[in-house]
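Here is the naming used below: chain letters follow the sequence lines, and residue numbers restart at 1 for every chain. Please read all numbers here as calculations on a predicted model, not as lab measurements.
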Number of protein chains: 2
Amino acid sequence: METRSPQKRRLATHQRLVDAAQDIVTESGFAALRVEDVVARAKVAKGTFFSHFEDKDRLMALLIGREMDQILAQIAQAPPPDRVDDFAPAIAPLLAYMGQNRVVFDIVIRFSGAAAIETTELISVNFMEQVVLFAQWVERLQPNTIRDDVDTTLLAEGIQAFIIQAIALEFCALHNSVNVEDRLAPYLRAWLTAPRSAQ
Amino acid sequence: METRSPQKRRLATHQRLVDAAQDIVTESGFAALRVEDVVARAKVAKGTFFSHFEDKDRLMALLIGREMDQILAQIAQAPPPDRVDDFAPAIAPLLAYMGQNRVVFDIVIRFSGAAAIETTELISVNFMEQVVLFAQWVERLQPNTIRDDVDTTLLAEGIQAFIIQAIALEFCALHNSVNVEDRLAPYLRAWLTAPRSAQ
DNA sequence: GACAAAAAATGACCGTGGTCAATTACAAAA
DNA sequence: TTTTGTAATTGACCACGGTCATTTTTTGTC
């Protein structure tokens, strides 16, 4: 399998496309992102766009993934939560970003586990990094504050499941009075502490 | 607000559109569903389609919702699970249907909580019925087999969160060797039993 | 039955994502 | 420098979802 490294010109074009797209999103939001506008701003033909990105969604996934990486990095370098009830606030910036917009949320869902093998999918990688971080948080508080009867990775993935759940409900007409963070909190409390045995 | 009941003709047209769509889906799957084909088969103009359905997604949501209703009804009339480990198998048919296809899953996600107020959205209603059913299952096994320290509705909604999680991972290249049911099981075990206290 | 008003249906038209055969720019070999 | 194979780009074109002014059908009233 022979793979040549791309020419400088190609890299420059790629950068121009990404920059143009980012500008449009910053100015008018994801919903207003049009391929034709992107190529016009980047001064390239439409076909060029699709030689750089499989489809429009991949470009959006790239922009969203970059942003999520930054947000996650900031979360990771902040002090870790000391109690279960501090988890939701700690995650809040990520929640806010992913739930800002239907379009963004859909892309996140679509690419979150999409192709965990491809390291080119930033969102997918980001989700795996989230799991690692959450698992660290969990281990740090085990076994006193957090249950230790379940694999930490499973606990971390469960947190992700509840994050998605909480954001999805955000778009539900019935629940939009409560904010995402508060909606997430009860799930995490139940999931992570598991106070009393049933049996 | 004056709302006239529709003419017979309109109802007939609606039915023809739905039937045509269902036929196409049955023959070629959701991914192959094209509005132009639907209207051709139903012998109506394109504009008529959009006077009956806000967009193509609503039609798909209708078809999917109908099917999910049938599946859920069958699940509901089967004997309820007696142990936590029987939950995933009991839910399996629903898992299989929602995870059959990317297109289906995306529609389900999009409309699951979409507008819980509108009773016209079958999927949304179906999800609420799922919660009711799961809550019944949970209550039946409390407090011996299932934890009773958490609101049953929250437990039921949590099950939904894990269902989504398990199906989403189904589309992930890394995990597609394990089947959905087996992927769901460990989450449910941890979520519902919560065997030992940490504190 | 003739007429008016409302409901239903029509199809030409548009916007936008995506394709691909043809063209141009580049880099290494001669 | 010229040649030549390949990478990169181009833009006319297509597919398909969705719109809306216009036309046809139905219904209620006299």
Side-chain angles (χ1 to χ4, degrees), chain A residues 1-21 23-25 27-64 101-104 106-107 110-111, chain B residues 1-21 23-25 27-64 101-104 106-107 110-111:
Chain A
M1 187 159 142
E2 183 80 21
T3 311
R4 284 225 165 66
S5 72
Q7 303 176 2
K8 270 186 300 182
R9 183 173 51 141
R10 185 168 178 80
L11 296 177
T13 303
H14 191 90
Q15 193 58 45
R16 286 221 311 288
L17 283 167
V18 173
D19 290 347
D23 286 352
I24 291 172
V25 169
E27 284 171 19
S28 320
F30 277 99
L33 190 65
R34 225 120 286 161
V35 173
E36 304 201 343
D37 294 345
V38 174
V39 297
R41 207 183 261 242
K43 299 264 175 55
V44 295
K46 210 180 197 177
T48 302
F49 181 98
F50 292 99
S51 102
H52 283 261
F53 305 99
E54 204 172 315
D55 52 33
K56 184 185 156 188
D57 286 358
R58 306 296 169 124
L59 169 64
M60 291 205 281
L62 173 67
L63 299 182
I64 292 169
N101 190 309
R102 246 287 158 198
V103 179
V104 172
D106 286 346
I107 293 290
R110 164 155 241 121
F111 290 95
Chain B
M1 186 159 145
E2 183 81 21
T3 311
R4 284 224 165 66
S5 73
Q7 303 174 0
K8 270 186 299 180
R9 181 173 52 143
R10 186 169 178 79
L11 295 178
T13 303
H14 190 90
Q15 193 57 46
R16 285 220 312 287
L17 282 167
V18 173
D19 289 347
D23 287 351
I24 291 171
V25 168
E27 284 171 20
S28 321
F30 276 99
L33 191 65
R34 228 118 281 161
V35 173
E36 304 200 344
D37 294 344
V38 174
V39 297
R41 207 182 260 243
K43 300 264 177 55
V44 296
K46 210 179 198 178
T48 302
F49 181 99
F50 293 98
S51 100
H52 283 261
F53 304 100
E54 206 173 313
D55 52 34
K56 185 187 154 185
D57 286 358
R58 306 296 169 124
L59 170 62
M60 290 204 282
L62 173 67
L63 298 182
I64 293 169
N101 189 308
R102 247 285 156 204
V103 179
V104 172
D106 286 347
I107 294 289
R110 165 156 240 122
F111 290 95

I want to check one thing: is the phosphate of dT25(D), taken as OP1 and OP2, less than 4.0 Å away from some side-chain N or O of R9(B)?
no
Taking only side-chain N and O atoms of T48(A), does any of them lie within less than 4.0 angstrom of OP1 or OP2 on dT10(D)?
yes
On the nucleotide dA7(D), are OP1 or OP2 found under 4.0 Å from the side-chain N or O atoms that R10(A) carries?
no
Consider the side chain of V35(B), meaning its heavy atoms from C-beta on, and name the nucleotide among dG17(C), dG17(D), dT9(D) that approaches it most closely.
dG17(D)
Heavy-atom nearest nucleotide on DNA chain D for L33(B) versus A45(A): which residue maps closer to 5'?
A45(A)
Contact class for H14(A) vs. all strands (heavy atom < 4.0 Å): base, sugar-phosphate, or nothing?
nothing
Using a cut-off of 4.0 Å on non-hydrogen atoms, how would the nucleic acid contact of L11(B) be classed: base, sugar-phosphate, or nothing?
nothing
Of E54(B) and K8(B), whose nearest nucleotide on DNA chain D comes first from the 5' end?
E54(B)
Counting side-chain heavy atoms from CB outward, which of dA7(C), dG17(D), dG18(D) is closest to Q7(B)?
dA7(C)
Classify the side chain of K56(A) versus the base of dG18(C) as yes if they form a donor-acceptor pair under 3.5 Å and no if they do not.
no
Phosphate OP1/OP2 of dT9(D): any T13(A) side-chain N/O under 4.0 Å:
yes
Of the candidate nucleotides dG11(D), dG18(C), dG18(D), which contains the atom at the shortest distance from the side chain of K46(B)?
dG18(D)
